[in-house]
Amino acid sequence: MEREANSAGAQRWDPVRYAEHGRFVAELAGPLIELLAPGPDDEILDLGCGDGALTAAVAPGCKRIVGVDSSPEQVAAARMLGLDARVADGHALPFDSEFDAIVTNAALHWMKRPDAVIEGTWRALRPGGRLAGEMGGAGNVARISGALMDALGRRGIDGESRFPWYFPTPDAYRRKLAARGFEVAEMALVERPTTLPGDISGWLETFAEPFLGAVAAPERPTMIAEVQAALKPALYRPGTGWVADYVRLRFLAVKPRAGEG
Ligand code: BEZ
């Protein structure tokens, strides 16, 4: 089922915590970079560049890459790597026919107005430009978000209304891209259980602030411990550690040249 986008508390990003608990996001981007297939003449936009780890990995294979992110802290971290990184809202991209390709990894699911995002990517691309993306798809982190919403429910708080992510089905996202005029070359929903670098509590503290922020600060450690205990039978594997129930939606779409499509 595709979940409706709804209002939620803001997620804040701490680059130090992200480096510890979120580095795997860029490390697992190999299939996305293959889909992007950067060329030496390509000018590329990294939409939702975070701390710039993926931007830096793509940079040597293209002419120019610009990263944008809504978090000033993450943009500052990306700039420390010597990257051209800018603060921008993915719902209102400020580019007009500047790029041959856009790459976006684990960012679009934080943007709850997908039509506005798609519109901005369309405008930012030159004719023939590619949009290569990976995001959470339908069913992504279902166990984790379920345990968080249960913990909020026990406190009389409606977790559903705080759900901060947009995890579309392949059909729903394909329709949105096609409605804007993109030709969808690839669209796949891929289950990718993901071994975390540490305890699930680190993931929760890094990525689940819209849920955790619903309770007073002194209560949060108790809530995290409850969620951890609820998830352990399903997501903790002795000898491996914590494995998050990630489901990726991976796609490649092309903005046709005039007369094509
Ligand atoms: C993801 O990459 O799928 C994801 C990351 C953080 C929160 C939710 C989903």
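Ligands are counted one by one from 1 in listed order, and the atoms in each one are counted from 1 as well. In this text, all values refer to a predicted model and were calculated from it rather than measured experimentally.
- With ligand atoms numbered from 1 in the order given, ligand 1 contributes 6 (C), 7 (C) to contacts under 4.0 Å with heavy atoms of F207.
- Atom numbering of ligand 1 starts at 1 in the shown order; those under 4.0 Å from a heavy atom of W110 are 6 (C), 7 (C).
- Sorted by first and then second residue, the pairs that involve residues 71-85 and meet salt bridge (Lys or Arg N to Asp or Glu O under 4.0 Å), not counting sequence neighbours, are D84-R86.
- When heavy-atom distances to ligand 1 are checked against a 4.0 Å cut-off, F24 has no atom that comes that close, whether in backbone or side chain.
- Ring pair Y166/Y173 is tilted by interplanar angle, where 30° to 60° counts as tilted.
- At the top of the distance list for atom 5 (C) of ligand 1, counting protein heavy atoms only, stands Y246 OH, 3.6 Å.
- Here M135 has no heavy atoms under 4.0 Å from ligand 1, in either its backbone or its side chain.
- In this comparison of H109, Q11, R192, the heavy atom closest to atom 4 (C) of ligand 1 sits on H109.
- Close N/O approach between N140 and ligand 1 is found [any backbone or side-chain N/O within under 3.5 Å].
- Salt bridge present: R130 and D42 bring a charged side-chain N and a carboxylate O closer than 4.0 Å.
- In terms of protein heavy-atom proximity, atom 3 (O) of ligand 1 is nearest to R248 NH2, 2.2 Å.
- Under the 4.0 Å criterion applied to side-chain N and carboxylate O atoms, R64 and E98 are assigned as salt-bridge partners.
- The atoms of ligand 1 that sit less than 4.0 Å from any heavy atom of A106 are 2 (O).
- Taking only nitrogen or oxygen atoms, main chain and side chain alike, W203 does not reach within less than 3.5 Å of ligand 1.
- Classification of the W110-W165 ring pair by plane angle, with boundaries at 30° and 60°, yields perpendicular.
- Note that CG of L93 is 6.5 Å distant from CG of L45, once rounded to the nearest 0.5 Å.
- Scanning all heavy atoms of the two residues, the minimum distance from F182 to W122 falls at N-CZ3, 3.6 Å.
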